[in-house]
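Taking it in order: structure first as structure tokens, then the write-up.
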Amino acid sequence: MQMIQQTPDLSAYLAADEAIDHHHPLVRETAAKLADGVADSYEYARVAFEFVRDTIPHSQDSGDLRVTWRASDVLEQRTGICYAKAHALTALLRAEDIPTALCYQKFDEVHGLVAVRFNGAWHRQDPRGNKPGVDARFSLDGERLAFTPDLASNELDYPVLYAAPHPVVLGALTAARDRPHLWQTLPTAL
């Protein structure tokens, strides 16, 4: 798939905003701990990915009813759905000056993941969290995502790489009272 940057300005993929709050002390502290002892930015990206994938449960899998959307809240509360976990990973990577984009797939609902830029190319990563039937892994040598769209079923990969969370996604997250409410309002398309 040909990925398309929403903006040609690579610095946009390092920026902070309300959801990707990588200047927050908790995000900075977590990034510093993860960076301690790693050899290079590639290793840091893998460690950050595995941290988000493995230590922050997907709230649907764990039964947690809270809805998080701001990266610092995801790290503090240790819960989130795919979008929130993508926001947390994006913030951790941007905190270490690794250009990171938000990207999406369409299944019954829209699914959120990230893309990191290394060696002049974007590489999608899915920190959703593994479970039986889902085995996402950090990879720069071919995608190892949680899900693969079935084009015959009208599932798809959206090609746009967003510098900030898509407004439809962010709107659903911020308006949700709890996860059951969020499940009724998840975007089905972008």
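When a residue number appears, it is its place in the shown sequence, counting from 1. This one's a predicted model, so the numbers in the text were calculated from it and none came from an experiment.
Legend: residues meeting side chain to side chain contact (heavy atoms under 4.5 Å, CB included) with A12, ordered by chain and number and at least two apart, are T7, A163. Contacts of D21 classified as salt bridge (Lys or Arg N to Asp or Glu O under 4.0 Å), with partners at least two apart in sequence or in another chain: none. Scored by the ring pair (Phe, Tyr, Trp, His ring centres under 6.0 Å) test, W122 finds Y13 as partners (sequence neighbours excluded). With sequence neighbours excluded, the residues satisfying side-chain hydrogen bond (donor to acceptor under 3.5 Å, both in side chains) with H111 are D126.
Distance alone, capped at 3.5 Å, is enough to place a donor-acceptor pair between the R117 side chain and the G120 backbone. A donor-acceptor pair under 3.5 Å links the side-chain atoms of T68 to the main chain of T79, judged by distance alone. Panel note: side chain K106, backbone Y158; no donor-acceptor pair is recorded below 3.5 Å.
In this structure, a donor-acceptor pair under 3.5 Å is absent between the side chains of D36 and Y44.
Residues E155 and T148 come closest through the heavy atom pair OE1-O, 4.1 Å. Nearest heavy-atom pair across L170 and P165 is CB-CB, 4.3 Å.
Apart from F107 itself, the hydrophobic cluster it occupies contains V134, F147, where clustering links Ile, Leu, Val, Met, Phe, Trp and Tyr at side-chain heavy-atom distances under 4.5 Å.
Within the structure, the side-chain hydrogen bond (donor to acceptor under 3.5 Å, both in side chains) test picks out the following pairs touching residues 47-58 (sequence neighbours left out): R46-E50.
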